[in-house]
Amino acid sequence: MEDIKKQSPFSKLWQWAAGCHGGFYGAVILAVLGVACNMAAYFCIAAMIRLLLTGGLRECLPWCGIMLLSYVGKSVFSTWSTAMSHTATYHTLRELRKNLLSKLSRVPMGSILDTPSGQYKTTIVDRVEGMEPTLAHLIPEMTSNILVPLAIAVYIFVLDWRMGLASLVTTVIGVIVATQSGKTYAVRWQGAVETGRRMANAIVEYVGGIQVVKAFSQSAGSYKKYSGAVEDNARYYVDWMADNQKYMATMQSVIPSVLLPVLPVGLLLWSGGSLSAAHFLTIVVLSLGLTGPLIAAMSFVDELAVVGTNVEEIAGILDAPELERPQQEAVLQGQKIQLNQVSFTYGKAEEEILHGIDLTINPGTVTALVGPSGSGKSTIAKLVAGFWDVTGGAVTLGGVDLKQIPLEQLNRQIAYVSQDNYLFDRTVRENIRMGRLGATDDEVEAVAKAAGCDDFIRALDQGYDTICGGGGGHLSGGEKQRISIARAMLKNAPVVILDEATASIDPENEAIIQRAISALTKGKTLIVIAHRLSTIADADNIVVVEQGRIVSQGTQEELLESCPLYAQMWQTYLGTRDQV
């Protein structure tokens, strides 16, 4: 079977549209019929010219009726073709976007974190939308606009091959000129994509840091990066279009001037007696019908050039390596978590950041991961959650390697709460219910009370029906965090991972959130990463991580005596707390 990576861009695009091939075939047939009806008018005029030359005025009336019918047919067929091609196209784009989002759910978290969010937006929104002209217009319209003029050209050659050659002179010249532009179009478009991607990423960064930008006015680096990216994008297109215009203007001027060679050649042949007047006038009329469809077909050349870049970018997501998991659920023997000689390589630099991690987390216990920034604490937690696959060794849950547990089953076992949990632009009730989609309103409100957020939710303008805003932008940091905890509580997973869940919370909210966390984790296996060491002092096992290795583990008292690094961290924490 042919590897999809070796397929041409058009093969991949056609494969993505597999469910709508019938619609596209129908659109092509209807488009051909529509253009054929349009070209029928030229044949009718040519026939009437021949009749007028022979004095058959009355015989022209049927041809007038045929012209009227051809006009009606052109309108009906072209409209029908457009509707059919667009229906098939938007079904294809819908499925393509759904497949892209479904793919992202199976891609390792590291791959997603390595990619700027602006790039995903550009690919899923802009590049997929860029397929619309190709699918909806290029396939039916370009096909029909090439086939019908080809048929007319063949007919002209049948009437007189010399006039056939003359009718193609301007077309050949125009195509040669256009190819000069087309030679660099794919490269130019690739540059446009890169420039646009940099601009999108700069915009996302600028909007995300708008508070800092306002605080420091336009001297902020993010503003300079944003404005520079916008200017570069505009300058790129201006330079490209300026260079391209001379070719396109020439092409659009030359091709329609088909009568420049046809008239003198025809007059010469007619005066020499080798071409009849009827055929001469017929060819003049038909040659005028050649240029319109050809120019319309050539207008899609740009689309042909950009298809490769668009398809490549989309395929970059669809073909990305993913977390491979079996379909059949695994049989777990309890909830014990073990990391056996785990190593992990992250990012494009392929630098190993975890080295030979051995750790056992018993069910119903509290395990705290501590260490300097960048030591690998969060990476260990994310490996346990199944966000990545380990590079070496194994992580097991209930005696089963995580790679042998379906993602859906693993997700039911683990609730992950971080300091930057995302809230969707939906109601508070819907955001909490995402923990368990089948939960009733009463269950949602009960878990909100347990998480300590019922009071503030009811104080909102619309209560539980208040829209949270994109990313939870309508709520404070503490409110968002409590809703995230309520969502995790509703999930009721046996394993809970708290990745610095209170790192950015003020002391008043922290006390509320700590009580909510106590309710969330009661009787469960808890893995916690905390920068405030006082919150994990009573943990069953404190694991000290440094430079991707576990240097020590034990209780608070044991570590203060045996681990210099933890003792130093504890003293630093106490000193910081005393200064507050």
For the [atom1] atom on [X], are there more than 12 heavy atoms of other groups (residues, nucleotides or ligands in this structure) within a distance under 6.0 Å?
X: D538; atom1: CG; value: no
X: H91; atom1: NE2; value: no
X: Q568; atom1: CD; value: no

Side chains of [X] and [Y]: closer than 4.5 Å at any heavy-atom pair?
X: N233; Y: Y236; answer: no
X: I314; Y: K12; answer: no
X: L332; Y: Q409; answer: yes
X: K377; Y: S375; answer: yes
X: E445; Y: R458; answer: yes
X: L397; Y: Q335; answer: yes
X: T427; Y: Y464; answer: no
X: V311; Y: M131; answer: yes

Geometric class of the W14/Y25 ring pair [parallel <30°, tilted 30-60°, perpendicular >60°]: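 Ring orientation of Y25 relative to W14: perpendicular.
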Side chain to side chain contact (heavy atoms under 4.5 Å, CB included) between F24 and T92, intermediate numbers included: CA-CA 11 Å; F24 289 116; T92 300; 3.9 Å; yes
Sequence neighbours left out, what passes salt bridge (charged side-chain N to carboxylate O under 4.0 Å, His left out) with [X]? Give chain and number order.
X: E430; result: none
X: D455; result: none
X: E443; result: R436

Exercise: identify the closest heavy-atom pair between [X] and [Y]:
X: A381; Y: L369; result: N-CD1, 4.4 Å
X: N431; Y: C468; result: ND2-SG, 3.5 Å
X: M489; Y: A450; result: CE-CB, 3.4 Å
X: P406; Y: E329; result: CG-CA, 3.9 Å
X: A330; Y: Q404; result: CB-O, 3.7 Å
X: A448; Y: I432; result: CB-CD1, 4.2 Å

T195 vs D232, side-chain hydrogen bond (donor to acceptor under 3.5 Å, both in side chains): CA-CA, chis, key distance, verdict: CA-CA 7 Å; T195 303; D232 288 345; over 6 Å; no
Heavy-atom donor-acceptor pair, [X] side chain to [Y] backbone, under 3.5 Å:
X: K403; Y: D389; answer: no
X: R325; Y: L402; answer: yes
X: K491; Y: I414; answer: yes
X: K103; Y: L318; answer: yes
X: R97; Y: V125; answer: yes

State the [atom1]-[atom2] distance between [X] and [Y], to the nearest 0.5 angstrom.
X: I485; Y: L490; atom1: CD1; atom2: CG; answer: 14.0 Å
X: I124; Y: L93; atom1: CD1; atom2: CG; answer: 13.0 Å
X: L13; Y: L96; atom1: CG; atom2: CG; answer: 8.5 Å
X: F424; Y: I467; atom1: CZ; atom2: CD1; answer: 13.5 Å
X: I337; Y: T525; atom1: CD1; atom2: OG1; answer: 6.0 Å
X: L135; Y: C20; atom1: CG; atom2: SG; answer: 9.0 Å

From CA spacing to verdict: side chain to side chain contact (heavy atoms under 4.5 Å, CB included), I483, F456: CA-CA 10 Å; I483 290 175; F456 89 77; 3.9 Å; yes
D358 vs Q341, side chain to side chain contact (heavy atoms under 4.5 Å, CB included): CA-CA, chis, key distance, verdict: CA-CA 5 Å; D358 285 311; Q341 282 297 299; 2.6 Å; yes
Evaluation steps, side chain to side chain contact (heavy atoms under 4.5 Å, CB included), between Y120 and L100: CA-CA 10 Å; Y120 281 125; L100 285 168; over 6 Å; no
Single hit among V384, V390, I550 for side chain to side chain contact (heavy atoms under 4.5 Å, CB included) with L339: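 Filter result, single survivor: V384.
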K98 and E95 ion-paired at < 4.0 Å: yes
Report all side-chain donor-acceptor pairs from residues 540-549 shorter than 3.5 Å, counting only partners two or more places apart or in another chain.
from : atom 1 : to   : atom 2 : distance (Å)
D540 : OD2    : V366 : N      : 2.7
N541 : OD1    : G554 : N      : 3.1
N541 : ND2    : Q553 : OE1    : 2.9

Partner residues of M569 under the side-chain contact (heavy atoms from CB on, under 4.5 Å) criterion, sequence neighbours left out: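 Residues passing side-chain contact (heavy atoms from CB on, under 4.5 Å) with M569: V370, L533, L565.
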Residue list, side-chain hydrogen bond (donor to acceptor under 3.5 Å, both in side chains) with R127, at least two apart or on another chain: E313
